[in-house]
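Fair warning: this is a prediction, and the values are worked out from it, not measured in the lab.
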Amino acid sequence: METIGATNQSVPEAIGELVANSFDARRGEEKINVTIDLRNNEIKVIDNGKGMTLDVLEKAVCIAEDMSKHMERGKGAKGHFGMGFKTSCSTLGKFYEIYTRSDTINNEYHVEFNIEDYSSRPTNADAWDVEIEESARFRKSPLESASHGTAFVIKKVKDKNISLGAVYSYLGEAFKGHLETGDTIKLIKENGEEIQAIPKVYKFIEDSKIEIDEEFSVEENNSLMTCHITGWMALDSRTHNDVNYGFNIYRNNQLLEKWNKDWFKAHLMTSRIIGEVNMDFLEATFYKQGKQQSNKWALASQHMEDYLKGMVKASRDISKKGNAHDPSQVHRIISNLKEDYGLEADEDNAKDAKNLKNESNEPNKKKQSINDTIKGFAKEKSLILEEHGEIEITYLEKDGNYGYAFDYIFNDDEYDDGQNKELQIIVMKDHPLWQYKIDMELQKILVTSDAIYRMLVEKLNFESNDALKIRNEWINTRLGKQEASS
């Protein structure tokens, strides 16, 4: 019990685990009301769920018992590993007890665990029997006169300075979907004041919100299943020097992972990307936060990386110096973003986009989507891309055989200080490939063209066809200048 309590769960996450159990104990379509009482150096989590019978409670207190085998659980139940509340209670304190009253039985049951006592118990199996008490009503029960529900009471609390604000903020974020559909979470402060958790509120640029409704297929048990991703994404009202951007990933209305950035390259220029996605097909870890690595996740990530290209471009554009403070530029970027996702911009953005077209003397020219054009051209020893500016190309030779003939490093950390980005080509001069008599200029063209293609695809999210065209243009320009000089 002490070992499973030594997790990296924070106090808000551990309390959230107990709240998740409450939602799993829903009676039919009834709304769940959870009360969290943090007074008197105790933590109480009380719900109005269906409660537990004696048989169910006997199984629930066992470690690693899948409760889906012993009780009916609603669609989208969050846990099934049989570790959740034991882990969280042990994380929060050294003593905990459970009071529960089933909606089918009049009696109430009580069981307690003194974790400090376990280390002094003998090793025989009988020493680990747990006594479950039964009564019509227990005098000290937090359930009081309720006809059904469950209460967890954690004592000998490990953290003596629990931040109510952190718990409040986490619950509003972690159970946003539940709170938006009528379930409630109430916190009681030390002075007895009650506060209601509210869904997390985001601040993003007006009209930049894009609804997400994507599907992909995955093979499972020799058949194809469809995985559904829903949610939204938007451009935050500011850039972030912290980690608070990316996607909050939900499974069955509970936060799995906060501010995930796996689907785009995390950088100041992409730090305006925010959103929420529901991915009910994912498997959670045993304490319900975090996701298990799986083929489904890998395919979902591949799908979302491609889907986010338009939003990545918009974030980079609006983060360029001056754009965020220029209403006409903001309108232009949002209009382009909407078009990239096949949506119509609002009236003001559409009007602004039309004026911009008129100013360019090309009012009838149809705007092409992000993948229709090559946004760059090449010149000797450098590459100029419309969205990324000039990329200098440098070379570095290394001794030793590293198993590969050449590689590259792309440095794009500098955006606003006037410095160019750099593509550095690394040549392993001891590699067997270079034992053949290859002209030095031809060697440079070979390694540079490969690095250009890989950088465009791997680092800047270009489509393969566009990357090939830009690479070939660089080769032609390089060869043309070589011939002219000779």
Subject >> Atom CD of Gln302: over 12 foreign heavy atoms under 6.0 Å >> reply: no

Subject >> Spatial distance of atom CD1 (Ile43) from atom CD1 (Ile162) [nearest 0.5 Å] >> reply: 3.5 Å

**OP:** Answer yes or no on whether Lys261 is positioned over the face of Phe247, meaning its NZ or CZ is under 6.0 Å from the six-membered ring centre and within 45° of the axis.
**Re:** no

**OP:** Answer yes if the side chains of Thr53 and Asp55 hold a donor-acceptor pair under 3.5 Å, and no otherwise.
**Re:** no

Subject >> All pairs passing salt bridge (Lys or Arg N to Asp or Glu O under 4.0 Å) where residues 137-146 contributes a residue, at least two apart >> reply: none

Original post:
Taking the six-membered ring for Trp, are Tyr99 and Phe138 parallel (under 30°), tilted (30 to 60°) or perpendicular (over 60°)?
Top reply: perpendicular

Subject >> Under 3.5 Å side-chain donor-acceptor pair for Gln9 and Thr87 >> reply: no

Subject >> Side-chain donor-acceptor contact under 3.5 Å, Asp262 with Ser301 >> reply: no

Subject >> Sequence-distant partners of Glu29, salt bridge (charged side-chain N to carboxylate O under 4.0 Å, His left out), two or more places apart >> reply: none

Original post:
So, the side chain of Ser22 versus the backbone of Val34: is there a donor-acceptor pair under 3.5 Å, distance only?
Top reply: no

Subject >> N/O donor-acceptor pair under 3.5 Å between Asn48 side chain and Ile32 backbone >> reply: no

**OP:** Using a strict 4.0 Å threshold on nitrogen-to-oxygen distance, state whether Glu276 and Lys200 make a salt bridge.
**Re:** no

**OP:** Inspect the contact between Lys309 and Asp340 and indicate whether a charged nitrogen and a carboxylate oxygen are less than 4.0 angstrom apart.
**Re:** no

**OP:** Look at Arg39 together with Asp37 and state whether they make a salt bridge at an N to O cut-off of under 4.0 Å.
**Re:** yes

**OP:** Consider only side-chain N and O atoms of Tyr250 and Glu173, and report whether a donor and an acceptor are under 3.5 Å apart.
**Re:** no

Original post:
So, for Tyr109 and Met52, which heavy atoms are closest and what is the spacing to 0.1 Å?
Top reply: CD1-O, 3.9 Å

**OP:** Output all residues satisfying side-chain contact (heavy atoms from CB on, under 4.5 Å) with Asp317, sequence neighbours left out; order by chain, then residue number.
**Re:** Lys313, Lys320, Ile333

**OP:** Quick one: do Asn253 and Asp183 satisfy side-chain contact (heavy atoms from CB on, under 4.5 Å)? Show the steps, please.
**Re:** CA-CA 11 Å; Asn253 278 337; Asp183 295 321; over 6 Å; no

Original post:
Within the distance-only criterion (no hydrogens, no angle test), does the side chain of Asp280 pair as donor or acceptor with the backbone N or O of Asn252 below 3.5 angstrom?
Top reply: yes

**OP:** Check whether any side-chain N or O of Thr181 sits under 3.5 Å from a backbone N or O of His178 as a donor-acceptor pair, and report yes or no.
**Re:** yes

Original post:
Of the options Val19, Val45, Asn33, Val167, which is the one that meets Ile185 in a side-chain contact (heavy atoms from CB on, under 4.5 Å)?
Top reply: Val19

**OP:** Identify the heavy atoms of Pro142 and Ile46 that sit nearest to each other, and give their distance.
**Re:** CB-CD1, 3.7 Å

Original post:
So, Ser208 side chain and Leu235 main chain: donor-acceptor pair closer than 3.5 Å or not?
Top reply: yes

Original post:
Is Arg26 reaching over with its side chain to a backbone N or O of Glu30, donor-acceptor style, under 3.5 angstrom?
Top reply: yes

Original post:
Of the non-hydrogen atoms in Ile229 and Ala300, which two are nearest, and what is the gap between them?
Top reply: CD1-CB, 4.2 Å

Subject >> Salt bridge flag under 4.0 Å for residues Glu194 and Lys186 >> reply: yes

Subject >> Derivation and outcome, side-chain contact (heavy atoms from CB on, under 4.5 Å), residues Ile154 and Leu18 >> reply: CA-CA 11 Å; Ile154 297 97; Leu18 301 179; 3.8 Å; yes

**OP:** Mind checking salt bridge (charged side-chain N to carboxylate O under 4.0 Å, His left out) for Glu180 and listing every partner two or more places apart, or none if nothing turns up?
**Re:** Lys176

Subject >> For the student: nearest non-hydrogen atoms of Ala197 and Tyr168, plus distance >> reply: CA-CE1, 3.7 Å

Subject >> Pair Asn248, Glu257: side-chain N/O donor-acceptor within cut-off below 3.5 Å >> reply: no

Original post:
Just wondering, do Tyr408 and Met455 contact through their side chains at under 4.5 Å, heavy atoms?
Top reply: yes

Original post:
Quick one: does Tyr341's side chain have a donor or acceptor within less than 3.5 Å of a partner on Met311's backbone?
Top reply: yes

**OP:** Before giving the answer on side-chain contact (heavy atoms from CB on, under 4.5 Å), spell out for Leu38 and Ile36 the whole-Å C-alpha distance, their side-chain angles and the decisive distance to 0.1 Å.
**Re:** CA-CA 6 Å; Leu38 300 176; Ile36 300 168; 3.9 Å; yes

Which pairs would a plain distance check flag for residues 212-219, meaning a side-chain donor or acceptor within less than 3.5 Å of a matching protein atom at least two apart in sequence or in another chain?
from	atom 1	to	atom 2	distance (Å)
Asp213	OD1	His228	NE2	2.4
Glu214	OE1	His303	NE2	2.8

Original post:
Is the backbone N or O of His267 less than 3.5 Å from a side-chain atom of Thr270, with the two atoms forming a donor-acceptor pair by type?
Top reply: yes

Subject >> Straight-line distance of Ile198 CD1 to Thr184 OG1, nearest 0.5 Å >> reply: 13.5 Å

**OP:** With His148 as reference, evaluate Arg27, Lys50, Arg101 under the side-chain hydrogen bond (donor to acceptor under 3.5 Å, both in side chains) test and give the passing residue.
**Re:** Arg27

**OP:** List in chain and number order the residues that pass salt bridge (charged side-chain N to carboxylate O under 4.0 Å, His left out) with Arg272, two or more places apart in sequence or in another chain; answer none if no residue qualifies.
**Re:** none

Subject >> Under 3.5 Å donor-acceptor, Asn114 side chain and Glu116 backbone >> reply: yes

Subject >> Donor-acceptor under 3.5 Å (Glu190 side chain, Asn40 main chain) >> reply: yes

**OP:** For Trp232 and Ile274, work out which heavy atoms get closest and say how close.
**Re:** CZ3-O, 3.9 Å

**OP:** Using the six-membered ring wherever Trp is involved, compare the ring planes of Trp259 and Tyr202 and label them parallel, tilted or perpendicular (cut-offs 30° and 60°).
**Re:** perpendicular

**OP:** Start with the C-alpha gap between Ser90 and Ile115, add the side-chain angles, then the distance that decides, and say whether side-chain contact (heavy atoms from CB on, under 4.5 Å) holds.
**Re:** CA-CA 8 Å; Ser90 301; Ile115 298 174; 3.4 Å; yes

